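Here's the structure, in structure tokens; my notes come after.
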Amino acid sequence: MSLGIGEKLKRLRLANNLTQEELANRTGLTKGYISQLERDLTSPSLATLKDILDVFGESLADFFQEQTREPVVYRRSDRIQTSDSREDLRVELLVQASQRRDMEPVLLTLQPGAETWEDRPHQGQEFGFVLKGAATIQVGSRAYRVSRGDCFYFTADRRHKLRNTSDRETQILWVVTPPTF
DNA sequence: TTACTGTGCTGCTGGAATCG
DNA sequence: CGATTCCAGCAGCACAGTAA
């Protein structure tokens, strides 16, 4: 969630212990106009915005970079279930889509006997950590059994898939790079 | 193509009203 | 009573329409 220009300007002003009137005096604007800006009832020209930011010692670049900075924390409620999900297999994106991502962390929840789709060879690597349960991961012609606390890491240049071979629900934190979801 | 005119939009002002 | 909001209005600019 990014703040609007008005809210951001208000925070800057309050952080600098200025009233709207004081800021107006320093920028050569009027206090009424400052009020409108802070409530997003109007938007400043580039020159005016620069004048205001000069008072706070902040550049236009810093101001807008802050506006578009991506979140650091992703909550449980932010998770998105992908269309790959089925009744016996849940695939949840832990981090919302972004153009700048280099990896894709996913939470896989497999019911007993459930199997993922078979992934074709592709560039990049895959990493998984078994949070609970146990499973068999097949990479190329070989199969490896992993259980809670184990992890796996392989180059994705061979066909690979995962199957819950235990009689309990199995949950795996899976990180794919580059993102494919 | 150029010049003129009307219109609408936007950034901003200034002072009165309201709020806490 | 200081801080903030409201609001009518002004200036400048872009743009479309029209006449020459």
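Not measured: the values here are computed from a predicted model. In what follows, chains carry the letters A, B, and so on, assigned in the order in which the sequence lines appear, proteins first and then strands, with residues in each chain numbered from 1.
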The complete set of ring pair (Phe, Tyr, Trp, His ring centres under 6.0 Å) pairs with one or both residues in residues 133-157 of chain A, sequence neighbours excluded, reads A/Phe152-A/Trp174, A/Phe154-A/His160

So salt bridge (Lys or Arg N to Asp or Glu O under 4.0 Å) across residues 137-157 of chain A, not counting sequence neighbours, yields none

Ordered by number, residues from residues 37-56 of chain A within less than 4.0 Å of DNA chain C (heavy atoms) are A/Arg39

By side-chain contact (heavy atoms from CB on, under 4.5 Å), A/Arg75 pairs with (sequence neighbours left out) A/Val73, A/Ser77, A/Asp78

- Full working for side chain to side chain contact (heavy atoms under 4.5 Å, CB included) between A/Ile34 and A/Leu9: CA-CA 9 Å; A/Ile34 299 295; A/Leu9 287 176; over 6 Å; no

Taken in chain and number order and not counting sequence neighbours, the residues that satisfy side-chain contact (heavy atoms from CB on, under 4.5 Å) with A/Arg168 are A/Ser166

If you count the non-hydrogen atoms of other residues, nucleotides and ligands that lie under 6.0 Å from CZ in A/Arg26, is the total more than 12?
no

Parsed dot-bracket for DNA chain B after applying the Watson-Crick and G-U rules with both distances under 3.5 Å and | for other-strand partners is ||||||||||||||||||||

In short, A/Asn164 meets A/Leu110 closest at the heavy-atom pair ND2-O, 2.9 Å

Residue set satisfying side-chain contact (heavy atoms from CB on, under 4.5 Å) with A/Gln138, at least two apart, ordered chain then number -> A/Lys161

Note to self: Any base atoms under 4.0 Å from A/Thr19, or only sugar-phosphate, or nothing? Heavy atoms, all strands.
What the structure shows: sugar-phosphate

Residue set satisfying salt bridge (charged side-chain N to carboxylate O under 4.0 Å, His left out) with A/Arg39, at least two apart, ordered chain then number -> none

Given the options A/Lys132, A/Glu169, A/Gln171, A/Thr109 meets side chain to side chain donor-acceptor pair (under 3.5 Å) only with A/Gln171

With sequence neighbours left out, the residues meeting side-chain contact (heavy atoms from CB on, under 4.5 Å) with A/Arg163 are A/Glu115, A/Thr165

Hey, what are the protein-to-nucleotides 13-20 of chain B N/O distances that come in under 3.5 Å?
| from | atom 1 | to | atom 2 | distance (Å) |
| --- | --- | --- | --- | --- |
| B/dT13 | OP1 | A/Gly28 | O | 3.2 |
| B/dT13 | OP2 | A/Thr30 | N | 3.1 |
| B/dT13 | OP2 | A/Thr30 | OG1 | 3.3 |
| B/dT13 | O4 | A/Gln36 | NE2 | 3.2 |

With sequence neighbours left out, the residues meeting salt bridge (charged side-chain N to carboxylate O under 4.0 Å, His left out) with A/Glu87 are none

Outermost contacting nts on DNA chain C, any atom under 4.0 Å from chain A heavy atoms, listed 5' then 3', are C/dA3 to C/dC7

